[in-house]
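Below, chain A is the first sequence line, B the second, and so on; all start at residue 1. What you see is a predicted model, and the numbers here were worked out from it, not measured in a lab. Side chains are part of it too, since the values below use all heavy atoms of this structure and drop only hydrogens, waters and symmetry mates.
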Amino acid sequence: MDAEQQLPKELDLDNLVHLENMFVEYGREDGLIAGVRNGVIEGRVMGCEKGFEFSREIGYYAGCAKVWKSLALLDPERISEKTLKKIGSLLDLINSFPRQNTLDDDIIALLDRIRGRFKTVASAMQTSERYAGPKSVMSY
Amino acid sequence: MPRLEQLVELQGHEDRVWCAAWHPTKAILATCSGDKTVRIWQATNALDPTKWQCTNVLEGAHRRTIRSVAWSPDGRQLATGSFDATTGIWEREEDENGDYECVATLEGHENETKSIAWSKSGALLATCSRDKSVWIWEVEEDNDFECLSVLQEHTQDVKMVAWHPNEELLASASYDDTIKIWKDDDDDWYCSDTLQGHESTVWAIDFAPSGDHIVSASADQTLKIWQRFQPGNPMGIVTPRRGEPVWKCVASVKGEHERCIYSVSWSRAHGLIASAGADNTIRLFEVSEVAPDAGIEGQLTEEQRKALNEPGILLQASKKAEVKNAHGTSDINSVAWYPNEDHGDWLASGGDDGIVRIWRLIRD
């Protein structure tokens, strides 16, 4: 009888000893769940921001290239055929830039190529036009 | 043992000398400096190489330090790269003792232009900058330069550009510790190889006379030699891109330079490599092949080569001469061998002391 009474007591003591660990474990699980939820939201916001940033920059290049192309067509004396060809290849690169969400990080390399091609064309157009980036920082 | 003997000391620059460049065919040296000028130096007497004078001072075109200077292959034009972000093109007026005139200014870099280089044919000019980009310009008639390509794959400041001695192949060295090789595909330039191995900034590069090797100088205090491996090479080095060669490190010179190495020059005339930097010493190296079983650190067996897809150490650069304190206690920013056989034993150097020196290689 003595032995039977002592056993549960020991178990209670065990629970008490591990009480802190148990709470830490509960907290950890709650944290993981909250982390996943917040992480997904944060990731989406970041994705939106990046998508906005990229698209804004690409849109700027597209706008410049289209204007330059019409100028070149209007005044072929001043803007050579060679330059027009360069504008065309810049537009091709811009059009190949994905408009939908993509997990492919090659778009960073593509963006760099577009930036380089833009500078090449800007130099041919004898303008120091540069993408300055957004002037105001958006917040979500 | 060979040694370097000073021929002449050229004084005139009022700030540190950044770069010295020999005229491609004549005994004329151009040097540029933090004093925003280029000076042209010429031997006054063809028979006495110890008598030189400054014949021209090119000034007024750049608002900041002129970091580099390069002659066009026909010697008619001189290009200057400046911290004011522009590149100047200079021409000498026709009449004798004519002045040099800035006939074109190339704009496009966002900040400091670090280096410039003309291709062998003179049809292309490359420039690089702290803005991390390399620009390739086509030389057109009437001093017109058209930008062909803007290459932005370096992740840091690009320190130097150098063309292959006879192909339209460009190498660039960067603060991102790499060297990149650029090639042309129907007016579209692309990076065909990235050479990784240095542990710090690559300050300078030069091609071997054959063009199959590149020597690089780094802030990691080493020189490295890179070899080009064509597809189907006998060593079995895999060339991942279809039809494209790869460059692999085949020699590393450690324990010689004690500080950053800023400049390196591979002689077209006799194949000696000269290097100099922040340890105030000019060193000369002779490159030779390593015997297959020499037991040198870094040599690989055939199995190891296959497993690692690396050739291991194939070449050795042994020091043949050195000049300590070649510019006193000042850093040496530039060394340049005379580009052909006529005076192949001449080496020019420029340092933070604002002095330019011409040395002669003596072989006993």
Does [X], at its [atom1] atom, have more than 12 non-hydrogen atoms belonging to other residues, nucleotides or ligands within less than 6.0 Å?
{"X": "Phe229(B)", "atom1": "CZ", "value": "yes"}
{"X": "Lys183(B)", "atom1": "NZ", "value": "yes"}
{"X": "Arg28(A)", "atom1": "CZ", "value": "no"}
{"X": "Glu42(A)", "atom1": "CD", "value": "no"}
{"X": "Arg64(B)", "atom1": "CZ", "value": "yes"}

Thr120(A) to Leu148(B) - nearest heavy-atom pair and separation: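 Closest approach of Thr120(A) to Leu148(B): CG2-O, 3.3 Å.
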
For chain B, find its close neighbours in residues 108-118 of chain A: heavy-atom separation under 4.5 Å, sorted by number, or none.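 Hits under 4.5 Å: Asp112(A), Arg113(A), Arg115(A), Gly116(A), Arg117(A).
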
With chain B as the partner chain, list the residues of residues 80-97 of chain A whose heavy atoms fall under 4.5 Å from it, by residue number, and write 'none' if nothing qualifies.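 Lys82(A), Lys86(A), listed by number.
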
Indicate yes or no: at least one non-hydrogen side-chain atom of Arg130(A) is less than 4.5 angstrom from one of Glu110(B).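 Yes - at least one pair of side-chain heavy atoms lies under 4.5 Å apart.
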
Spatial distance of atom OG (Ser123(A)) from atom CD (Glu107(B)) [nearest 0.5 Å]: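 Result: 9.5 Å between the selected atoms.
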
Quick one: what part of Trp189(B) sits under 4.5 Å from any heavy atom of chain A, side chain, backbone, both or neither?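 Neither part.
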
